[in-house]
J.: 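Structure provided below as C-alpha cells; questions to follow.
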Amino acid sequence: MRDRLDISMRANHVFFAVLMGIGLICVALAVAMNDTFYLRLGTEALILGGLALSVDILLGFGGLLSLGQALYFGIGAYVSALVLREVPSFWLAMAAATGVTLLAGIIGGLIANRVRGVYFALITFGMAQVVAKVVYNTRELGASDGLIGVPVLEIPLGVITVSAGDPLAFFLLTLSVLTILYAAVAYLFTTPFGRVVIALKANEKRVPFLGYNTWGPRMVCYVVAALVAGITGALYPMLRGFVSPELMFFASSGNAVIMVVLGGVGTLIGALYGAVLLTFLKSVVGSYTEHHLIAIGVIFIFAILFMPKGIIGVAKPSLERRLIRFDEQTDAARIKATGERA
Amino acid sequence: MTIKTLTASVALAALMTGSALAQDEPIRIGVLTPISGTYAGIGQQVSWGLDMAAEEINAAGGIMGRQIELIYEDSEANPSVAVQKAEKLMTSEDVDFLTGTVNSGATLAVGQVAERAGKLIATTVSFSDAITGDKCSPNVFRVNARAGQQSAALAAWMKQEKSGAKVFYLGPDYEMGRSTVAAFKSNAEAVGAESTGEVYAPLDAKDYSQYFGRIRASNPEVLYTSVAGNDTVRLLTQMQDFGIRDGLTILGASGTVTSQNIKAIGAAAEGFITGVGYSTLIDTPENKTFVEAFNERNGADPDLYGADSYGLLFAYKKAVETAGGTGTDEVRAALEGLEWDTPQGTKTIRAGDHQAIQPMYVVQIKDGAFTIANRIDGEAAIGPDTCERF
C-alpha cells in the first residue's frame, strides 16, 4: 500500500514545476516584448496567490473556512508599509511583518478556534471587518485614504542587490518567496503534525481517541496560515507603493476563497493556479466589458458545476495514477536488478 | 549629391513623415472610474461629462488637429484595482493623460503611479483635502472643489449673514465625519463664529433626541451637520418634531441633503443651507446651454461630477495647445496657473498646489427645492496653499 498523502504531494510538486515552467516562459516572452505591465500583474497574482495559499492551508487541510484571511494579509502589508516609510529596509520590513502577524495570528487563533464550522467562518469574517473598520477610521494609519509614499526599495540579497522597481527582478524575488512558502507548508503537512491536522478535518472527535491533542495542531495550523498571508502581504506595498484598508475588506478575503475553489481545494498549488487565473481574467475581461463581474461570476459557477475539485482536481487523478505506475515500475526494476523479493 | 547627403535627406524625410503620423494620431486619455460597485452612479456622471466634452472637442477639430480617444477601465472604487488598471493604461495603452478616479484613496495611489511613470492625472471628483494638501504630487491636478472649499464657502456666507453667531456641530461618528466637522469649525471660527459644543452620533443612528438636550442647553443660532442619507432624514424630522428646529439655521455638508432624500425629509428640510461647486441652477447662458445639451444627450441632469468632468477636457485642450504637445513637463507647466471657462464659471489652477480655484455657490432649500442663495468668489473660498512638495 502506497502512502496517498505522499503521492498527492508529489503530484502537487509536479504541478508546481509546471506552473514555474509556464511562469518562466511567460517572463521570457514579457522581457523579449519589453512589457512591464503583465510582469507586474504576474507579480501581484503571485502575491495574491500567497493569500489564497493561506486560505487553502485552513480550508483544504484543517477543514476550516476562513472568510477573513485578508486580515493577516492586510496586517502584513500595513506593517511593511509603515516600516518602509520610516526605514527603507527589505529585511526589517519582512521581519516586522512576520513578527506582528505571528502575534496577530496567535490572538486571532485563540478567539477563532473556540468555535467550529459556520461559526468559525463568521468569527473570522467579523474579526477582519472589525480591524478593517478600525484602520479605516484611524488617522495615523491613513484612514480611508490609505498610506502612500512607500519608496521603491533596493533589496540586498547577499551577493546581488535587486530593485523593487525592476519588474523582472521583483517578479523573480516574489516567485522565490512563494516557492519557499509553498515548500515549507508542503513539508509541514507531510510531518506527523500535518497528518494530525488532516485527521482533524476528517473526524475531529476521533483524534483524541488516538491519543492526540486537537487544540494544539489546529492552533498551529491557524498561525501558519496567518504567517503565510502576512509574509506575502508584506510584499504588496513593495510592488504597488501603497496600502489601503480595502486590502482587508471582505472582497479580498472572498476573492482568495474563490481562487482556492477555482484552483482546487486541498492541493496547495491550486491556490496559486487560481490566483493567476483570476487575476489575469479580471484584468483582461475588465478591459473589454463593464460587465466583467458577471462574466467572472458565470465562469465561477461553471467551474463549480463541472470542475468541483478545481483545475488541479481535473488533472490530478491521472497524474497520481502515473506516479504510482512509475513507482511500481522503478520498484520492479530495482527488484529485478538486485534480485531481492518484494 | 554624395551618398551621405542622400541618406541624410532620406532619413530626414522619414523623420518628417514619422512626426506627421504622430500629429494625426489621436490623443489618448485614460478614464479610470468606478463602473461597478458602490460609486457606479458617480462613475456614470463622470463618463457622461467626459464623453460629451470629447464629442464636442472632436467635432470642432480636436486638439491641434488630433482627435481625443477615451479609454475606459473600471476602478471598482478600490485603490488596489485602480493602481493595477492605472499601470495598464500608462504602460500598455500608453495614454497621454488620465482622469476619472473617484474615491480619494484611489486618487492618491494612482497619483503615485503617475509620478513614477512620468504621466499626469487629474481628478474631477475626490474631495479629500490631502490630495492638493499635505499629500500633493507634482503630477496630480484637481479641477473640482475640495472639502475645504465647501466649508470655506459656508463660512464666508456666515460672515455675511450670521456674523459672530453661536454654532453647534453634530457629525457622524467616523473619521470622515469628524474631519469635515473639524474643517468647518476652523473655518467658522476664523470668521468670528463662537463654537458652543459638538457631538458625534453613530452612523445609522435611529434616535437623535438624546443630543437635543445639549443643543438646547448651548442655545446656538446655527447648527452645522455632516450626516448624510437616511441619517439626515431622521435627524431633521426628529428636530422638527421636538420643536428644536425653530429659529435655528441649519448648515450642512454637500451630501447631507440631496435629491435622493429631500422628499423624505419634507418640510423639515426647509431653509437648509449648503455650499457646492456646481448646481444646475447657476444662472448663466453657458450653464443653461450645458444643462440642456447634457440632458438631451444623457437623459439626466448633470450633477457636480458630470459638470467638473466635462470642464476638465477643455482645460486639458487649452494646456496642450499652449504647450504645443502632450509632453508631461510642458503640459504640467501649461496647466499651472491655467485659466479656462466652464459651465460653472471661470476656473483657475493654482500653481502652488494644483488645486482649481472656482466660484462656490451657497444653496438653500426653499419650498422643497434648492435655490442659489449666494455666490462666493473662488479666491474667498480657496484657503491657503499647504502643499510643500513642489
Side-chain angles (χ1 to χ4, degrees), chain A residues 33-41 43-45 47-48 70 74 77 133-152 165 167 236-237 239-249 251-252 255 279 282-294 296, chain B residues 30 32-37 40 43-44 47 71-94 103-113 115-117 126-131 134-135 137 140 172-179 182 203 389:
Chain A
M33 291 164 73
N34 209 4
D35 163 88
T36 60
F37 170 71
Y38 284 102
L39 210 46
R40 284 170 64 83
L41 189 67
T43 314
E44 185 170 311
I47 291 175
L48 293 175
K133 285 290 170 196
V134 168
V135 171
Y136 194 83
N137 283 309
T138 306
R139 186 102 293 239
E140 290 69 29
L141 295 174
S144 57
D145 288 347
L147 291 172
I148 58 167
V150 177
V152 179
Y236 186 84
L239 175 72
R240 295 301 187 194
F242 84 105
V243 286
S244 72
E246 279 83 355
L247 290 176
M248 294 189 190
F249 281 5
S252 304
N255 263 336
T279 308
K282 279 184 115 169
S283 174
V284 173
V285 179
S287 301
Y288 283 104
T289 166
E290 60 192 83
H291 304 301
H292 55 100
L293 292 176
I294 299 177
I296 285 162
Chain B
L32 185 56
T33 204
I35 299 170
S36 62
Q44 177 69 76
S47 50
I71 301 154
Y72 281 89
E73 283 282 357
D74 185 1
S75 72
E76 299 173 33
N78 181 340
S80 333
V81 177
V83 159
Q84 191 211 92
K85 297 286 175 69
E87 249 182 35
K88 184 177 202 171
L89 286 168
M90 285 174 192
T91 60
S92 288
E93 301 283 348
D94 199 26
N103 42 333
S104 302
T107 302
L108 288 166
V110 170
Q112 184 170 279
V113 175
E115 213 176 305
R116 289 178 185 174
S126 301
F127 282 124
S128 170
D129 287 326
I131 294 167
D134 59 332
K135 290 177 190 159
S137 158
V140 178
D173 194 9
Y174 73 118
E175 203 274 327
M176 282 291 281
R178 285 179 179 262
S179 59
L203 274 179
R389 278 198 57 210

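Any value given below was found using the heavy atoms of this structure, including those in side chains, with hydrogens, waters and symmetry copies removed. Throughout, a chain's letter reflects where its sequence line sits, starting with A, and its residues are numbered from 1.
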J.: Considering only heavy atoms, which portion of B:Glu73 lies under 4.5 Å from any heavy atom of chain A: side chain, backbone, both, or neither?
T.: side chain

J.: Atom OG in B:Ser80, atom CD1 in A:Ile47: separation rounded to 0.5 Å?
T.: 11.5 Å

J.: For the CG atom of A:Asp35 and the OG atom of B:Ser92, what is their distance to the nearest 0.5 Å?
T.: 5.5 Å

J.: Report the distance from atom CD1 of B:Ile35 to atom NE2 of A:His291, rounding to the nearest 0.5 Å.
T.: 9.5 Å

J.: Contact between A:Phe242 and B:Val83 at the side-chain level, heavy atoms closer than 4.5 Å - yes or no?
T.: yes

J.: When rounded to the nearest 0.5 angstrom, what is the spacing between CG in B:Asn103 and CD in A:Glu246?
T.: 6.5 Å

J.: Return the minimal non-hydrogen interatomic distance between A:His292 and B:Asp74, and the atom names on each side.
T.: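 Of all heavy-atom pairs spanning A:His292 and B:Asp74, the closest is NE2-OD2, 2.7 Å.
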
J.: If you tally heavy-atom pairs under 4.5 Å against chain B, which of A:Tyr236, A:Phe249, A:Phe37 wins?
T.: A:Phe37

J.: Against chain B, work out which of A:Lys133, A:Glu44, A:Arg139, A:Arg240 has the most heavy-atom pairs shorter than 4.5 Å and name it.
T.: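 Ranked by contacts with chain B, first place is A:Arg240.
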
J.: Does anything in residues 141-151 of chain A get under 4.5 Å of chain B by heavy atoms, and if so which residues?
T.: A:Ala143, A:Ser144, A:Asp145, A:Gly146, A:Ile148, A:Gly149, A:Val150, A:Pro151

J.: Looking at B:Arg116 and A:Gly241, what are the two nearest heavy atoms and their distance?
T.: NH1-CA, 3.8 Å

J.: Where on B:Arg178 is there a heavy atom nearer than 4.5 Å to chain A: the side chain, the backbone, both, or neither?
T.: neither

J.: Rounded at 0.5 Å granularity, tell me how far CE in B:Met176 sits from CG in A:Asn137.
T.: 10.5 Å

J.: Could you measure the distance from the CD atom of B:Glu87 to the CG atom of A:Leu39? Nearest 0.5 Å is fine.
T.: 10.5 Å

J.: Could I get the full list of side-chain hydrogen bond (donor to acceptor under 3.5 Å, both in side chains) partners for B:Glu76, not counting sequence neighbours?
T.: none

J.: Which atoms of B:Ser36 are under 4.5 Å from chain A, going by heavy atoms: the side chain, the backbone, both sets, or neither?
T.: side chain

J.: Which atoms of A:Val243 are under 4.5 Å from chain B, going by heavy atoms: the side chain, the backbone, both sets, or neither?
T.: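 For A:Val243, neither part sits under 4.5 Å from chain B.
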
J.: If you count heavy-atom pairs under 4.5 Å between each of A:Ser244, A:Gly286, A:Ser283 and chain B, which one has the most?
T.: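 If we count pairs closer than 4.5 Å to chain B, A:Ser283 comes out on top.
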
J.: Which atoms of B:Ala40 come close to chain A, meaning under 4.5 Å heavy atom to heavy atom: side chain ones, backbone ones, both, or neither?
T.: neither

